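Notes follow once the structure below has been shown.
Each residue takes its place number in the sequence, starting with 1. Just so we're clear, the structure is a prediction, and the values are computed from it rather than from any experiment.
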Amino acid sequence: MGLAVGIVGLPNVGKSTLFNAITNAGIAAENYPFCTIDPNSGIVEVPDHRLQVLSDISKSEKLIPATIEFTDIAGLVKGASKGEGLGNQFLSHIRECNAIAHIVRCFDDPNIIHVEGRINPLEDIEIINVELILSDLQSIDKAIDTQRKKAKGTNKEEIDKLALFEKIKTHLSYSKPVRQLELTPAENELLKSNPLITNKKVIYVANVSESEVTTGNNYSKIVEEFARSEGDEFTLISAKIEEEIAGLSKEDQPMFLQEIGLTESGLNKLAKSCYFLLGLQTYLTTGQKETRAWTIPVGFKAPQAAGAIHTDFEKGFIRANIISFEEYVSHNGLKNAKEKGALRQEGKDYIMKDGDVVEFLFNV
């Protein structure tokens with residue numbers, strides 16, 4: 001499954017610097033508002049040390065990691081929903097994203113202009129969240145106008161859809177995001193054709209200075225408390241450090257991280273947060289041709305996991321040969337694992353676990 005994350009925030013909070021760092025896309029990140037005037041998308045690898053280990057054992061020709069697509073849009077400002085600034089033009093590009101990374105400025109630097117003229121994380125968050133809610137209100141108003149015509153007949157689904165849209169409009173009118181509205185599974189299904197930005201899950205990303213990346217600061221603590229109170233995710237990064245990491249070779253990166261007291265990069269933390277937030281996990285396949293990571297929701301059964309490779313695998317599923325990553329490594333490959341009886345044969349009811357190394361058997 002493809003995983004897409006939209007990056008939002010005020011101008012000059014470090015959005016484009018972070019995007020440049022994690023995608024090496026080289027988009028402009030100069031010190032002035034509205035520098036990013038087009039939506040920028042970049043595919044990045046999800047760091048996973050297990051892949052190289054499996055690849056070395058299997059002597060794979062290719063290594064294919066899981067990926068996340070990040071979409072960076074122009075900085076939003078107060079009044080964006082009414083046409084102020086440029087960001088609102090590009091909000092449509094994140095309606096199809098799975099989640100939103102909301103970058104919040106948590107550093108003091110007189111050389112970098114703040115569009116509001118001060119550093120106040122909660123006010124910054126509120127500006128963005130209000131604009132996203134207002135954008136959704138515009139969308140739901142249009143949807144209601146269209147739906148009223150469709151709901152004039154006796155089709156129950158169309159009538160239910162109109163009721164749902166009106167329920168959402170009332171909720172948004174109280175300045176509350178759609179994700180905080182309790183919806184039934186049936187209502188969520190009806191809403192799929194009308195994706196709303198505030199229905200996306202959110203990771204608040206506190207961007208701090210290089211010297212505060214291990215400890216955070218008073219600003220980032222405020223952001224973390226807010227995120228937790230809203231039931232959203234939080235992570236701490238320094239976009240400047242990510243920029244430095246991106247300029248190093250893969251061999252030099254671990255040493256650099258160790259020198260500054262970090263065990264992993266901000267990208268790694270952000271990727272983990274995305275997976276946790278969206279209830280995702282990874283299973284692995286390996287062989288001479290390729291070693292590959294596959295992203296699936298937590299709770300997927302073996303046939304559904306097989307369908308991530310190809311729908312025919314799910315339709316014709318017979319069984320799955322499964323071994324944990326740790327056992328695969330300890331037996332130095334599938335051949336030895338089979339001989340030692342460590343390879344398990346699992347059927348249609350097996351619930352996949354993160355790090356399962358899998359061989360699917362199917363009949364088309």
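Between the side chain of D354 and the main chain of T282, a donor-acceptor pair closer than 3.5 Å is present. Looking only at distances, a side-chain donor or acceptor of D136 sits under 3.5 Å from a matching main-chain atom of I197. Without hydrogens or angle criteria, N217 side chain to F107 main chain gives no donor-acceptor distance under 3.5 Å. N207 contributes a side-chain N or O that, together with a main-chain N or O of V13, makes up a donor-acceptor pair within less than 3.5 Å. S330 places a side-chain N or O within donor-acceptor distance of the main-chain N or O of E327, the cut-off being under 3.5 Å. Side-chain N or O atoms of R179 include none that pairs as donor or acceptor with a backbone N or O of L181 at under 3.5 Å. In this structure, the side chain of Q281 engages the main chain of M352 through a donor-acceptor pair within 3.5 Å. Listed for the E242 side chain is no donor-acceptor partner under 3.5 Å among the backbone atoms of A21. Without hydrogens or angle criteria, H171 side chain to P177 main chain gives a donor-acceptor distance under 3.5 Å. Of the possible donor and acceptor atoms, none in the side chain of D356 sits under 3.5 Å from a partner among the backbone N and O of S324.
Here I64 sits alone; no ILVMFWY side chain lies under 4.5 Å from its own, so it joins no hydrophobic cluster. Grouping Ile, Leu, Val, Met, Phe, Trp and Tyr residues whose side-chain heavy atoms lie under 4.5 Å apart, directly or via other members, places I318 in a hydrophobic cluster with L361.
In this structure, CG on L164 lies 11.0 Å from CD on E157, to the nearest 0.5 angstrom. Note that CD1 of I127 is 12.0 Å distant from CG of L132, once rounded to the nearest 0.5 Å. In this structure, the separation between CG on L134 and OG on S139 is 11.0 Å, given to the nearest 0.5 Å. Within the model, atoms CD of E126 and CG of N120 stand 9.5 Å from one another, a figure rounded to the nearest 0.5 Å. To the nearest 0.5 Å, atom OG1 of residue T67 and atom CD1 of residue I43 are 5.5 Å apart. A distance of 4.5 Å separates CG in D124 from CG in L10, rounded to the nearest 0.5 Å.
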I322 and L343: CA distance, side-chain angles, deciding distance, side-chain contact (heavy atoms from CB on, under 4.5 Å) verdict: CA-CA 6 Å; I322 294 180; L343 194 67; 5.9 Å; no

Can you check side chain to side chain donor-acceptor pair (under 3.5 Å) on S193 and K161, steps first, answer last? CA-CA 11 Å; S193 57; K161 209 169 186 179; 2.8 Å; yes

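Put simply, the residue from L191, D141, T170 that forms a side-chain contact (heavy atoms from CB on, under 4.5 Å) with F165 is L191. Between S220 and the options V208, T235, V205, a side-chain contact (heavy atoms from CB on, under 4.5 Å) holds for only V208.
In terms of the side chain to side chain contact (heavy atoms under 4.5 Å, CB included) criterion, residue partners of K150 (sequence neighbours excluded) are, by chain and number, T146, Q147, E158. With sequence neighbours left out, E96 forms a salt bridge (Lys or Arg N to Asp or Glu O under 4.0 Å) with no residue at all. Applying the side chain to side chain contact (heavy atoms under 4.5 Å, CB included) test to A151 and every residue at least two apart in sequence or in another chain returns I159, L162. Scanning for ring pair (Phe, Tyr, Trp, His ring centres under 6.0 Å) contacts around Y219 gives an empty result, with sequence neighbours left out. Qualifying ring pair (Phe, Tyr, Trp, His ring centres under 6.0 Å) partners for F317, counting only residues two or more places apart in sequence or in other chains: none. Scored by the ring pair (Phe, Tyr, Trp, His ring centres under 6.0 Å) test, Y275 finds no partners at all (sequence neighbours excluded).
When the side chains of ILVMFWY residues are joined at heavy-atom separations under 4.5 Å, either directly or via intervening members, I296 and F325 end up in two distinct hydrophobic clusters. Linking Ile, Leu, Val, Met, Phe, Trp and Tyr residues whenever their side-chain heavy atoms come within less than 4.5 Å places L270 and F256 in a single cluster. Put simply, L183 and I133 are part of the same group of oily side chains (I, L, V, M, F, W, Y) that touch within less than 4.5 Å, one to the next. Residue I203 is not grouped with residue F276 when hydrophobic side chains (ILVMFWY) are merged at heavy-atom distances under 4.5 angstrom, including chains of intermediate members. Placement of V298 and Y283 in two distinct hydrophobic clusters is found when ILVMFWY residues are connected by side-chain heavy-atom separations under 4.5 Å, directly or transitively.
Taking 4.5 Å as the limit, every side-chain heavy atom of L284 sits out of range of all side-chain heavy atoms of R292. Looking only at side-chain heavy atoms (C-beta outward), I100 and V5 stay at 4.5 Å or farther from each other. A heavy-atom distance below 4.5 Å is found between the side chains of L196 and I168. No side-chain heavy atom of T263 sits under 4.5 Å from any side-chain heavy atom of L257.
Note on ring orientation: taking the six-membered ring where Trp is involved, the planes of F360 and F313 are perpendicular (angle over 60°, cut-offs 30° and 60°).
In terms of heavy atoms, L277 sits closest to A99 at CD2-CB, 4.0 Å. For the pair V8 and K15, the tightest heavy-atom approach, listed with the atom from each and the gap, is C-CD, 3.3 Å. Across all their heavy atoms, S135 and R95 have their closest contact at OG-NH2, 2.9 Å. Across all their heavy atoms, R344 and I323 have their closest contact at NH1-CA, 4.3 Å. For L137 against S173, the heavy-atom pair with the smallest separation is CD2-OG, 4.1 Å. Residues I140 and K169 approach most closely at CG2-CB, 3.9 Å, considering heavy atoms.
For residues 306-321, every residue pair satisfying the side chain to side chain donor-acceptor pair (under 3.5 Å) rule, not counting sequence neighbours, is listed here: N321-E359. Sorted by first and then second residue, the salt bridge (Lys or Arg N to Asp or Glu O under 4.0 Å) pairs with a member in residues 192-212 read E189-K192; sequence neighbours excluded.
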Kindly list each side-chain donor-acceptor pair under 3.5 angstrom involving residues 221-231, sequence neighbours excluded, with atom names and distances?
| from | atom 1 | to | atom 2 | distance (Å) |
| --- | --- | --- | --- | --- |
| S229 | OG | E225 | O | 3.4 |
| S229 | OG | F226 | O | 2.6 |
| E230 | OE1 | Q180 | NE2 | 2.5 |

Side-chain donor-acceptor distances from residues 51-62 under 3.5 Å, at least two apart:
| from | atom 1 | to | atom 2 | distance (Å) |
| --- | --- | --- | --- | --- |
| Q52 | NE2 | D56 | OD1 | 2.8 |
| S58 | OG | L54 | O | 3.2 |
| S58 | OG | T286 | OG1 | 2.7 |
| S58 | OG | Y328 | OH | 3.1 |
| S60 | OG | G287 | O | 2.6 |
| S60 | OG | T291 | OG1 | 2.7 |

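Using a cutoff of 4.0 Å between basic side-chain nitrogens and carboxylate oxygens, D349 and K301 are scored as salt-bridged. The pair K335-E339 meets the salt-bridge criterion, since a charged nitrogen lies less than 4.0 angstrom from a carboxylate oxygen.
The environment of CG in D145 is crowded: more than 12 heavy-atom neighbours from other residues, nucleotides or ligands sit within 6.0 Å. Within 6.0 Å of atom CD in E290, more than 12 heavy atoms from other residues, nucleotides or ligands are found, so the atom counts as buried in its surroundings. Residue K240 places its NZ atom among 12 or fewer non-hydrogen atoms of other residues, nucleotides or ligands, all under 6.0 Å distant.
Side-chain contact of S265 with N268: a donor-acceptor pair under 3.5 Å is absent, judged by distance alone.
Ring pair Y350/F300: centre-to-centre distance not below 6.0 Å.
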